[in-house]
Amino acid sequence: MNDVSVDQAPMTSELSTDQSGGPVTGPRLFNEVLLEVNNVSLSFGGVKALSDISFDIKKGEVRAIIGPNGAGKSSMLNCINGFYHPQEGTITYKGKERRQMRPHEAAKTGIARTFQNIALFRGMSTLDNIMTGRLLKMKSNLFWQALYWGPNLKEENEHREKVEHIIDFLEIQDIRKTPVGRLPYGLQKRVELGRALAMEPELLLLDEPMAGMNVEEKEDMCRFVLDVNDQFGTTIALIEHDMGVVMDISDRVVVLDYGRKLADGTPDEVRSNQDVIDAYLGVSH
Amino acid sequence: MSETQDTKHLDTFPKLLQHHAKVRPTKPAMREKNFGIWQTWSWAYCAEEVAALACGLAAKGLKRGERIAIIGDNRPRLYWTMCAAQAIGAIPVPLYQDSVADEMAFVLDHAETRFAMAEDQEQVDKLLEIMDRCPRLERIIYDDDRGMRHYKQPFLDSYDSLTAEGRAFRSENPGFYEAEVAKGKGSDVAIFCYTSGTTGEPKGVVLSCDNVLITARNAAELEGLSEEEDLLAYLPMAWVGDHIFSYAQAYVVGFGVSCPESGATVMHDLRELGPTYFFAPPRIFENILTNVMVRMEDASAPKRRMFKYFLDVAKRCGVDILDGKPVSFSDRLLYNLGEVLVYGPLKNVLGLTRVQLAYTAGEAIGPDIFDFYRSLGVNLKQLYGSTEASVFITIQPNGEIFANTVGKPAPDVEVRIADNGEVQFRSPGVFREYYKNDEATRNTKTEDGWVMTGDAGFFDDRAHLRIIDRAKDVGKLADGTLFAPKFIENKLKFFPNIREAVVFGDGRDYAAAFINIDQQALGSWAERNNVAYASYQELASHPRVGEIIKEHVVQVNRDLSQDSHLAGSQLKRFLILHKELDPDDGELTRTRKVRRRIIAERYEPLIDALYSDRDRASIHVEITYEDGRKGVIAGEVSIYDSEIYQPVKAAAE
């Protein structure tokens, strides 16, 4: 593991640039650490899901977590947003160490996520689903919200405007009023991303945002992820299986296998790491 | 109506804009749905915005007579750019927003554009890609700045920075803008419209302000358009129709134009807006109707029965009521009940409640579809037009609407039929030239201003123009009878059971047809009627399918016999092809147009059989699978005889 040397060097990577056309980009530099995972271990009974994992996520970067099935990727995300509580180790977020945090507390501190299997309200419209993402930002209580009058009307309008910007951003205007259950899978994923964005998170956790998508949907999703990162400055940690996608859009990659950390570094470094190659091609453990 | 008279002396778009800003400053000029809400801009606001934009373009160096490309969906800012360019004497060249970079490169290079206005990152990327092939292109302005943060090219400007620069320029050079607008005159070039170019390279049609404005004004007067109209601008800006309906007529009459939120929300926005003036190609009317019918299939049985009953009522008397013809009291009562129960709600869902005038053009519309909308009380009319005419050549006058004609010549338009049957016209809207293509100009436009359309047609007994085919496809039977294959093919294809048809007859004794069945339509018929079949080929050769198709052919013959010009080209024999015509085999173009010559070669034995007295023929054809492998389909095909009707005229004599 040579992550120490990697961490010391300033991170450089480029946004997608195709020949002469395309944006003029410089190297991307990240210094400030947003979240730090130190020696985290998690086990369910006798099963060790994570053992002694350490890595960090820097403010503004796109960080990928990859690994074969059962490597502990989702468990890692669940630890970060407080759904699981690791038995050992610490997670430091924005300089504050925390051990026992509940998901809604994590959400309040600016961590949002999407799920591997879509977790939307199927009977509700796209608009309403994304509105639920604003819930934590709303000041008035249920009673006042139901009244829909005076200051609450104004508040709702403000939230609606934020949501409309997200709808515009994700180009889903045409399904604004469509019940989510009627939408194809790729669009549902996009709505879920929209709901996470509605929280205006600082750290966005995406659990397999491109699973089960066709090439075109994947390209769209990649663009949205990069745009979110670029325009809102949101830090993104994502789990993804499509290596092409991971290598294209992430600044740094951490590789897990059987609950252990195999490698950590830029896509190029990870790609040429022998341990990673072995893990993906299958070597007996 | 008076409005068009008031503005008659105003011969350019910017002058009209100034006029409206004075006369109706607070009335809406443009709307766009954005962030889920309709945003509105008044005429006064538009005039200021256009002035700032024009000054910005001038400050960046756009000069009188130069071209500026405009690329994007229908957006208010792009329409303003068009007017701003015209204000300083530059010529807007709108491009199809979905054209690929190569097609764009041709037009940009041909029109020698120095400036380009792009809607968003996607269009900017395309422009950057072809920049080295268009050496004259110097400056790109973009509207939507999403994703543009990292573009640092010095020749890129955002719309906002351009208008800011324009405002500064305007305060430093007071009177500049007004003077520039005053310099404009009606004979100035208003726009280059590049025709899509199905044959060869696209051609740049040069239209002057007079061409566009006089034609737009004439049609607006004929139809009595008022400043209260609402129109949804959703067809490509590069298409001359959008230029006339959404831009020229709006400026002439002073009505508001609305832009949809995105291409995918058009139907929804249409419903919300409820336009009073509407244009759509036949394809869109067809799609809407199909959607309605499919959704009705899912409705509950009582609703379905009610829908069907009142649709029959509408079919019986709806068109007559719309045309103001006498209708029995009971029918009128039923129709009014239907309006409350079915037609009204249906029109509301489709966004057609307030439509006073709807046009369709571009290709033949199925008479059933046409009558469906008219029977609901939607004043749908056909028109015939072309880019070279600034759209209007003929329009169906109110009260004289027939599904099979395109109406009478529009005001100030002369139409004549050449000896070879080709339709020619002369009008104030006749284009000046094809840009940098004298040969094409000479081939299309005569010295004295007549334009050849390339369409064959004739005036019927009611003095209505009927377009039957492209002139080059029209032939003659051996006895000299007029023969228009596409006209007959279209008639056949209006039956849902017939997917494709190819009609032969040029230089032959009689007309005969190949028919491709529609597997979906006939497949569901087979399911309902317990007809077993294993493959397309088996279904196509089923005798009961043959009977169904024969009924359709006989129906077409009956229609043809009503028509004194075409009665001679009734279909005497036909066959049902054992395989679908396929673009992969080169039998159709990618846009599903029949390639007559190739089909004639491939199926020569079948054509021979059609013109013999045999009732069966066998055929081997090579086919190409999607992965490129080849195979052979062999089959035995039955040939059917159809009944021929005496021409109505001849029978009456």
Side-chain angles (χ1 to χ4, degrees), chain A residues 13-28 60 125-128 130-131 156-178 182-184 186-187 190 194 198 216 219-220 222-233 249, chain B residues 32-39 73 75 100-102 104-105 116 118-135 137 140 142-156 158 234 259-272 295 298 349:
Chain A
S13 111
E14 278 184 295
L15 280 179
S16 62
T17 47
D18 10 307
Q19 68 262 351
S20 62
V24 178
T25 52
R28 281 162 50 99
S125 69
T126 299
L127 179 68
D128 290 339
I130 299 178
M131 273 302 247
E156 173 145 345
N157 282 348
E158 281 164 13
H159 288 300
R160 172 75 189 269
E161 195 182 332
K162 285 263 173 13
V163 169
E164 284 294 345
H165 275 93
I166 290 165
I167 289 177
D168 184 70
F169 179 82
L170 294 174
E171 294 165 14
I172 47 177
Q173 296 98 332
D174 55 317
I175 53 162
R176 185 184 284 126
K177 300 273 172 71
T178 315
R182 289 224 311 256
L183 297 175
L187 278 178
R190 217 188 278 185
E216 200 181 323
E219 279 175 2
D220 278 352
C222 281
R223 197 162 56 87
F224 289 128
V225 169
L226 286 174
D227 282 355
V228 167
N229 176 248
D230 182 47
Q231 251 177 284
F232 306 141
I249 70 173
Chain B
E32 184 186 25
K33 198 172 177 196
N34 211 351
F35 300 125
I37 294 170
W38 287 100
Q39 322 275 343
D73 285 323
R75 293 262 170 264
V100 294
D102 282 335
M104 242 178 220
E119 184 196 356
D120 55 12
Q121 185 188 10
E122 182 191 345
Q123 307 295 353
V124 170
D125 281 347
K126 278 197 255 178
L127 286 170
L128 292 175
E129 195 185 322
I130 57 173
M131 203 114 184
D132 51 342
R133 274 183 282 164
C134 306
L137 187 60
I140 300 171
Y142 57 88
D143 170 5
D144 187 354
D145 56 5
R146 163 151 187 215
M148 296 295 299
R149 275 191 355 161
H150 295 282
Y151 289 67
K152 298 282 183 258
Q153 283 89 340
F155 50 81
L156 276 174
S158 75
Y234 69 103
C259 299
E261 191 165 20
S262 78
T265 60
V266 169
M267 287 314 296
H268 200 89
D269 297 336
L270 187 68
R271 183 183 174 189
E272 284 183 356
R295 281 178 62 183
D298 294 337
V349 167

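In the text below, chain A, chain B and the rest are named by the order of the sequence lines, each starting its count at 1. Quick caveat, the model's predicted, so the values are computed rather than measured.
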Sub-4.5 Å side-chain heavy-atom contact between D174(A) and H268(B): no
CD/Q231(A): more than 12 non-hydrogen atoms of other groups inside 6.0 Å: yes
Euclidean distance, D227(A) CG relative to Q121(B) CD, rounded to 0.5 Å: 6.5 Å
Nearest-0.5 Å distance, CD1 of residue I172(A) to OG1 of residue T265(B): 13.0 Å
Atom group of D168(A) that falls short of 4.5 Å from chain B, counting heavy atoms: both
Per-residue contact mode, N34(B) against chain A (heavy atom under 4.5 angstrom): side chain
Flag side-chain contact, heavy atom, 4.5 Å: R160(A) against F35(B): no
Min side-chain heavy-atom separation R176(A)-E261(B) under 4.5 Å: yes
Contact origin within K33(B) toward chain A - heavy atom pairs under 4.5 Å: side chain
Which portion of E171(A) sits near chain B, non-hydrogen atoms under 4.5 angstrom: side chain
Donor-acceptor contact below 3.5 Å, side chain R146(B) vs main chain F169(A): yes
